[in-house]
Protein chains: 2
Amino acid sequence: MNANEKSLMEAKANILKALGHPTRLWMAEQLAGGEKCVCELAENIDADFSTISKHLTVLKQAGVVIDEKRGKQVFYRLKVPCILNLMPCIEAVLQATAQSHIELVMDGRRSFSENMVIMSNNQMEKNR
Amino acid sequence: MNANEKSLMEAKANILKALGHPTRLWMAEQLAGGEKCVCELAENIDADFSTISKHLTVLKQAGVVIDEKRGKQVFYRLKVPCILNLMPCIEAVLQATAQSHIELVMDGRRSFSENMVIMSNNQMEKNR
DNA sequence: ATAACATTTGGTTGTTTTACCAAATGAGAA
DNA sequence: TTCTCATTTGGTAAAACAACCAAATGTTAT
């Protein structure tokens, strides 16, 4: 890793780190649906206003969101909308982890696809 | 944010946080090109072996990579290859930030595309 | 068995992050 | 102007993180 590569990694890691907190990730996902004022975001977060404000500052510094003051309120929106595109892959990792846990419990006696069949049968049971 | 949504956010944020460190992000990008043993990764990282090992542990427990011991060496590989797909969006954020900085310096006197023309002219100058 | 190698674990220390409270700011309303 | 509302800033304490060193582990080679 040379010096240039290193600063590129630092820059990219900084963005990922900004998204790497449950509250901030939730905020980013909310903003994917359009701009929101701080008060709207705060309605659904159980934390001090100052905490919320600081999380938004982190996202802003990372370049993920931008803010705009209009009247008494401050509105935040995604600066680059593609943030939403990250989620499918993150969810795939989650899914893969869940699958390994299942296989652990199953003691590796059945294959992935066999498990899928079993799971979907269970689902049908429930829905009956 | 209800309890379920909250734990989902925690799970996802955990993955992003694992990638949110320059060394770990670099490791993940290396592994996108195929499995590597710890020693191969270590060759290009200026840090103690124990530090490198701990970073790999973080990636492993986030479900990003899996390890396999073969002989004396331990090989790591991406558990879910889509990690690479995250990068274009991260780079777009970087790009957007760079662009705002340029516009700040330019005092907003020129448009994005005008700047692009100027920049590519500068590039041609250099290459002459 | 012993040595040599690759990697992990445990322990320590300094740094960063997070959350809260209290106080400050800035804008619009009275 | 003065009051209120929405948000940010400053300060502080607790928790989490990152890097290093030293020692432990598990594997082949001698």
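Worth saying up front: this structure is predicted, and the values here are computed from it rather than measured. In what follows, every heavy atom counts, from backbone to side chain, and hydrogens, waters and symmetry copies are set aside.
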Student: What is the distance from NZ of B:K17 to P of C:dT17, rounded to the nearest Å?
Tutor: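 Answer to the nearest Å: 12 Å.
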Student: Would you call B:E35-B:R70 a salt bridge at under 4.0 Å N-O?
Tutor: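 Yes.
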Student: Distance check needed: C:dT17 P versus A:L25 CG, whole Å only.
Tutor: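 Nearest whole value for this atom pair: 18 Å.
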Student: Between C1' on D:dC17 and CG on A:L16, what's the gap in Å once rounded to a whole number?
Tutor: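 So the CG-C1' distance, A:L16 to D:dC17, works out to 17 Å.
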Student: Checking the side chain of B:E40 only, and the main-chain atoms of B:C37 only, is there a donor and an acceptor separated by less than 3.5 Å?
Tutor: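 A pair under 3.5 Å: yes.
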Student: Tell me whether the side-chain N/O atoms of B:H21 come closer than 4.0 Å to OP1 or OP2 in C:dT17.
Tutor: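 The answer is no; no side-chain N or O of B:H21 sits under 4.0 Å from OP1 or OP2.
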Student: Atom OH in B:Y76, atom OG1 in B:T57: separation rounded to 0.5 Å?
Tutor: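 Rounded to the nearest 0.5 Å, the OH-OG1 separation comes to 5.0 Å.
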Student: Would you mind reporting whether A:H21 and A:L59 have side-chain heavy atoms less than 4.5 Å apart?
Tutor: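 Not in contact.
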Student: By the 4.0 Å heavy-atom rule, please label A:Y76 as base, sugar-phosphate, or nothing.
Tutor: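 It contacts sugar-phosphate atoms only.
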Student: Using a heavy-atom distance cut-off of less than 4.0 Å, which residues of residues 41-73 of chain A contact DNA chain C?
Tutor: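 Contacts with DNA chain C under 4.0 Å: A:A47, A:D48, A:S50, A:T51, A:K54, A:H55, A:K69, A:G71.
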Student: Starting at CE of B:M27 and ending at C1' of D:dA18, how long is that distance when rounded to a whole Å?
Tutor: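 Computing the B:M27:CE to D:dA18:C1' distance gives 13 Å.
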Student: Look only at the side chain of A:S53 and the backbone of A:F49, and say whether a donor-acceptor pair between them is shorter than 3.5 Å.
Tutor: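 Here the side-chain-to-backbone pair does not exist.
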Student: How many angstroms lie between atom CE of B:M1 and atom CG of A:L41, to the nearest 0.5 angstrom?
Tutor: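 It is 10.5 Å, given to the nearest 0.5 Å.
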